[in-house]
2 protein chains.
Amino acid sequence: MRKGKQTWEFENEPAIIATGVTGGPFEARGRLAEDFDILHDDLWIKEQSYEKAHQRLIEEAVQAALEKAGLRKEDIHFFIAGDLINQLSPTNFAARTYGIPYFGIFSACATSMEGLALAANILNHGNAEYIVTGAASHNGAVERQFRYPTEYGGQKPPTAQWTVTGAGFAVLSSKRANYPNEPVVSRATIGKVIDMGMNDPFNMGGAMAPAAAETIFAHFQDTGLDPAYYDLIVTGDLGKIGRSTALELLEKKGIKLTEKQFQDCGLLIYREDQPVQAGASGAASSATVIYGHLLKLMKKGAIQRMLCVATGALLSPLTVQQKETIPCIAHAVAIEMKPGRMH
Amino acid sequence: MRKGKQTWEFENEPAIIATGVTGGPFEARGRLAEDFDILHDDLWIKEQSYEKAHQRLIEEAVQAALEKAGLRKEDIHFFIAGDLINQLSPTNFAARTYGIPYFGIFSACATSMEGLALAANILNHGNAEYIVTGAASHNGAVERQFRYPTEYGGQKPPTAQWTVTGAGFAVLSSKRANYPNEPVVSRATIGKVIDMGMNDPFNMGGAMAPAAAETIFAHFQDTGLDPAYYDLIVTGDLGKIGRSTALELLEKKGIKLTEKQFQDCGLLIYREDQPVQAGASGAASSATVIYGHLLKLMKKGAIQRMLCVATGALLSPLTVQQKETIPCIAHAVAIEMKPGRMH
């Protein structure tokens, strides 16, 4: 691999053979409700704590994906996943339920694409036949941990974003030839930590925008592709403010994207009249929208090639209290439809 | 890869070309002080918080490893690391300092070997030339987060363990032929989450022992190797109680190891007269002892082949408060000397 390069090409094209996407009541009233496999009408999901409800969202998403793939947990070689809760507890407990060899990962809200990149890399070289990967978040559990318990009803500025309650998981296979009509993972760009000195935890979209722009820029530098190659370049949870900042930064770097070509999962998931301020956030933002809505659009033929750029703010309540700025990261994974092409 | 298998073989033998190991005052008085590159005489390391001192330990270990390897940060393709602090803050900030494309990982105290397994896998297929990987912990930061601030002087039962202050990092290369006399990573077994229903956060060695035994058993099942193949099988931080439990569990599974062949990093690092109760723990336990002490022994010819089994208790303060049991995991990586063998 050439020095300075941060992009992998997956010549054996690991296939995304099935996905499972779960959500909560707010997502059920959102724009993409039909793209969820399971939607719950309350945040507790019949559990005693938000964290256990969070775990349940993960387990149900994994189960839905396995069922659609026609596989059992014993068929899966590795489980690569994470969430935003301290020590990844909901994911750890879900990994206990499934008993699949487990890699815990953390890139905050960029976790979904860190997992997809690692999974595709392992499969590309035949170091597994099936992998399950994904990410999740729960509004009640995450808001309490990072800000205030939602029951306090604390006010938020217009730059704040709404944490998605949900989980998005995918089953990938190394046997591309067995799944000729499924989308494949064609390349991935691993992000660097970028910190432009912002320190407002209620404007994470703005903080993350430079990391998104940097990773997208690196992707085109490394691959030599023209930005027009992708029908869609979609970020994870930049929201309104972060998205327009990222568009500007990219234009300065010579990457001109159209408004339609550059979307954000955090702006797609909810309706205009839902009180989400600048948009959605959370590890489930990219995971549910990509594995639910966008892959459905791909399979319908509406998208041929997309670059999924999950964005993460690597802050913690403690680093905010200690007056640190917010380090951010973005990982990009290209997903493409290549129907009929056999290997 | 065969169904049910959880072990990778690295036929291209990624080499561990240099390591960097840092520690604090307690480690400086320990048995392995000479194997650390940098030792600090207080826990603050001239920083304003334990978390920043923690970050410094990581940065210095990475720097020491890069210098010994004769490389600059620009030469490194990926940084794969984690720690025990919420959201991996110290590692995230160190990743910001280095600006190397970054995979955040978390397996609690098994993080060191999760990272080494992933690094070796990526290098084995030429998807990077150089990778830096490692793990760290800081006694003051970790004890406050998981138990009480150490300043309280809270009493601990004899089953408790002492969190290591330190960081252990390694530089690996895919160009094995350029480093014919360095140890190589030959295989890795990825663990499953095992939970035997234990819920005492002051006896983590006991909780982790079944996970260690399970991963070691899977390693020999998958590879067909005889346990005698390894001069040393070393766990991360089982401590006295966990180690004897693991030995018993392994014997029940038909794997008979001698007392000398089966060691624990958490029992090697400190002196008998240091007040560490059942032994050391923390993500730095395996990272500093393996990358410091044990690799030195390998290079001196005292060990030819070792299986490093880092052990992690995936609990959080919240899961303990919520009366959950402790899910545990262990990842095993084989490191071998194969001098003179050219590729």
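Convention: sequence-line order gives letters A, B, ...; per-chain numbering from 1.
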Under 4.5 Å from any heavy atom of chain A - which part of [X]:
{"X": "B:S174", "result": "neither"}
{"X": "B:E51", "result": "side chain"}
{"X": "B:L84", "result": "backbone"}
{"X": "B:Y130", "result": "neither"}
{"X": "B:L315", "result": "backbone"}
{"X": "B:L318", "result": "side chain"}
{"X": "B:F78", "result": "side chain"}

Quiz item: What's the shortest heavy-atom distance between A:Q322 and B:S49, and which atoms?
Solution: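 Looking at all heavy atoms of both residues, the closest pair is OE1-OG, 3.5 Å.
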
Please classify the contact between [X] and chain B as side chain, backbone, both or neither, with a heavy-atom cut-off of under 4.5 Å.
{"X": "A:A95", "result": "both"}
{"X": "A:F146", "result": "side chain"}
{"X": "A:T97", "result": "neither"}
{"X": "A:I105", "result": "both"}

Quiz item: Taking the side chain from B:H77 and the backbone from A:R2, do they hold a donor-acceptor pair closer than 3.5 Å?
Solution: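 At least one qualifying donor-acceptor pair exists.
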
Exercise. Give a yes or no on this: more than 12 heavy atoms of other residues, nucleotides or ligands lie within 6.0 Å of atom NZ of A:K175.
Key: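 No.
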
Relative to chain A, which of [options] shows the most heavy atom pairs under 4.5 Å?
{"options": "B:T189, B:V193, B:T325, B:I329", "result": "B:V193"}
{"options": "B:E129, B:E324, B:Q6", "result": "B:E324"}
{"options": "B:I76, B:L88, B:T111", "result": "B:L88"}
{"options": "B:S107, B:G4, B:G99", "result": "B:G99"}

[atom1]/[X] to [atom2]/[Y] distance, rounded to the nearest 0.5 angstrom?
{"X": "B:I326", "Y": "A:R96", "atom1": "CD1", "atom2": "CZ", "result": "11.0 Å"}
{"X": "B:I122", "Y": "A:W8", "atom1": "CD1", "atom2": "CH2", "result": "3.5 Å"}
{"X": "A:I190", "Y": "B:Y102", "atom1": "CD1", "atom2": "OH", "result": "12.5 Å"}
{"X": "B:T319", "Y": "A:N92", "atom1": "OG1", "atom2": "CG", "result": "8.5 Å"}
{"X": "A:Y98", "Y": "B:K192", "atom1": "OH", "atom2": "NZ", "result": "15.0 Å"}

Quiz prompt | Residue pairs fulfilling side-chain hydrogen bond (donor to acceptor under 3.5 Å, both in side chains) with at least one residue in residues 81-91 of chain B, sequence neighbours excluded | solution =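 For residues 81-91 of chain B: A:N86-B:Q87, A:Q87-B:N86, A:S316-B:S89, B:D83-B:T91, B:N86-B:Q145.
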
Quiz prompt | Residue pair A:L118, B:L118: steps toward the side-chain contact (heavy atoms from CB on, under 4.5 Å) verdict | solution = CA-CA 9 Å; A:L118 284 172; B:L118 284 172; 4.2 Å; yes

Quiz prompt | B:H125 and A:N121 side chains, donor-acceptor separation under 3.5 Å | solution =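 No, B:H125 and A:N121 have no side-chain donor paired with an acceptor closer than 3.5 Å.
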
